[in-house]
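All remarks here apply to the structure that follows.
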Amino acid sequence: MPELPEVEVTRRGLLPHVVGRRIVQVTVRHRGLRWPVEPELEARLTGRVIGRIERRGKYLLLECLPAANADHATADDSAPGWLLVHLGMTGTLRVHVDAPPAGSHDHLDIELAPADGPGDGANMVLRFRDPRRFGAIIWTPLAEAALSEHPLLRRLGLEPFDPRFDGAWFHRLTRGRSMAIKQALLAGEIVVGVGNIYCSESLFRAGIRPTTPAGKISLARYDKLAVAVRETLTEAIARGGTTLRDFVGSDGSSGYFQLDCLVYDRAGEPCRVCGTSIRQIVQGQRSTFYCPHCQH
DNA sequence: ATTCTGACCTGATTGC
DNA sequence: TGCAATCAGGTCAGAA
């Protein structure tokens, strides 16, 4: 389920619990994620301290500072690195103080020592669960300045809250493109973080028919779309993310944005603005929902 | 270069 | 009740 708001909510939920803590043990139970979890991951992480937690698109980026007082085998061991985490379709990252026994989909545990060091306070566990295993856990020794050149991050579009993201940006990047705006928006090469739900929602807010070729949309309408994308994502983050099926925030609370969807998953139901029956179509093997009266 | 399709997985729901 | 078909929040790799 995770679109940008769910990932951002996870990031914020993790911050107070894991930043500054030392990794004392890493347990990988299933290495078959989107890409195989590298065999060296446990050794690379153990002893490091979690630094910042950032987000790029739907990727969570955990800065892992080098272990203190360690006898470094290689130069990489003594430099900061980053753990890239993608939640895929069904991934969650949660913090447990008293971690329950691992279930069959709990693929990775990162055990963290108390911030004040061993002795007082219990260890906690950062647990990655992902039934469908479309998620990814990837180590990179790249420094922060070079992170944007990582193969998985290099081609990502602008962050939706980047000031450079506006109607003109949209307009410029879609000239000559025949692809439907729904798919262009979903592809993440123009702006990141808009998944299948918020894509339909954003296009409804902007009054744009999802099937419209991206290259035929005017600057004025792209201005509206840029605003709609930002508003949709902002509101979803504020609500704590969506819980359509299995998303749970890192603190265990769940969001409820799905109650307020304007078009998503509302096929046949009346448009909340004009009452017209919401229509469902398939684009690129994914469902799209729109109001045939409000969107042109 | 751009666009489209298949692939990766499990689980919940639907329909016979 | 059982079982097969369908669908689900993502996105990469390769074909067309």
Side-chain angles (χ1 to χ4, degrees), chain A residues 1-10 29-37 55-60 84-93 103-108 128-138 150-157 172-203 210-216 229 232-233 236-237 239-249 254-268 280-289:
Chain A
M1 57 153 32
E3 300 187 26
L4 183 147
E6 289 77 12
V7 177
E8 178 61 20
V9 167
T10 296
R29 303 188 188 81
H30 201 317
R31 314 194 90 90
L33 303 183
R34 173 80 195 259
W35 292 281
V37 176
R55 180 188 55 70
R56 179 76 177 99
K58 298 170 188 167
Y59 286 90
L60 281 169
L84 277 53
V85 179
H86 198 293
L87 301 178
M89 289 271 242
T90 54
T92 57
L93 203 50
S104 60
H105 300 308
D106 293 327
H107 307 311
L108 180 130
F128 176 78
R129 169 180 296 186
D130 185 9
R132 277 178 87 175
R133 286 188 272 125
F134 287 175
I137 308 268
I138 290 165
H150 189 281
L152 291 172
L153 308 178
R154 191 183 329 171
R155 290 184 307 269
L156 295 180
R172 182 157 68 77
L173 267 61
T174 51
R175 289 312 90 184
R177 305 291 296 270
S178 61
M179 178 184 281
I181 183 58
K182 155 74 188 292
Q183 296 183 258
L185 180 52
L186 201 51
E189 291 171 2
I190 299 171
V191 59
V192 295
V194 182
N196 205 42
I197 294 179
Y198 302 132
C199 192
S200 282
E201 295 295 301
S202 299
L203 288 167
T211 50
T212 311
K216 288 178 54 186
V229 165
T232 300
L233 297 178
I237 291 169
R239 299 191 128 90
T242 298
T243 299
L244 283 187
R245 286 184 176 81
D246 53 38
F247 176 80
V248 179
S254 58
Y256 44 87
F257 181 69
Q258 80 281 4
L259 297 178
D260 299 320
C261 279
L262 297 168
V263 290
Y264 183 81
D265 207 22
R266 296 194 64 237
Q280 176 175 8
I281 60 175
V282 174
Q283 293 179 284
Q285 305 165 337
R286 316 285 308 272
S287 285
T288 303
F289 301 84

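Proteins come first, then strands; the chains are lettered A, B, ... in the order of their sequence lines, and each starts at number 1. The figures that follow rest on heavy atoms only: side chains count, while hydrogens, waters and symmetry mates do not. This one's a predicted model, so the numbers in the text were calculated from it and none came from an experiment.
- None of A/T288, A/T212, A/T211 except one satisfies the side-chain hydrogen bond (donor to acceptor under 3.5 Å, both in side chains) rule with A/K182; the exception is A/T288.
- Annotation: C/dT6 and B/dG6 have their P atoms spaced 14 Å apart (nearest Å).
- Rounding to the nearest 0.5 Å gives a distance of 8.5 Å between NE2 of A/H86 and CZ of A/R34.
- Using a 4.0 Å cut-off, no side-chain N or O of A/R34 falls inside it from OP1 or OP2 of C/dC12.
- Base pairing analysis places B/dC4 opposite C/dG14; the two distances defining the Watson-Crick or G-U wobble pair are each below 3.5 Å.
- Using a 4.0 Å cut-off, some side-chain N or O of A/H105 falls inside it from OP1 or OP2 of B/dG11.
- The side chain of A/P131 has B/dG11 as its nearest neighbour among C/dT11, B/dC9, B/dG11.
- The side chain of A/S287 lies closest to C/dA8, out of B/dT2, C/dA8, C/dC12.
- The base of C/dA8 lies outside donor-acceptor range of the side chain of A/R286, with no N or O pair under 3.5 Å.
- Nearest to the side chain of A/R177, among B/dT3, C/dG10, C/dA8, sits B/dT3.
- Remark: A/Y59 is in phosphate contact with C/dC12, judged by side-chain N or O atoms under 4.0 Å from OP1 or OP2.
- Of the possible polar contacts, one joining the A/E201 side chain to the A/L262 backbone as a donor-acceptor pair under 3.5 Å is found.
- Nucleotides C/dC3 and B/dC9 are separated by 25 Å at their P atoms, to the nearest Å.
- Closest-nucleotide positions on DNA chain B for A/G32 and A/G284 were compared, and the one nearer the 5' end corresponds to A/G284.
- Between C/dG10, C/dA8, B/dG6, one nucleotide has an atom nearer to the side chain of A/Q285 than all others, and that is B/dG6.
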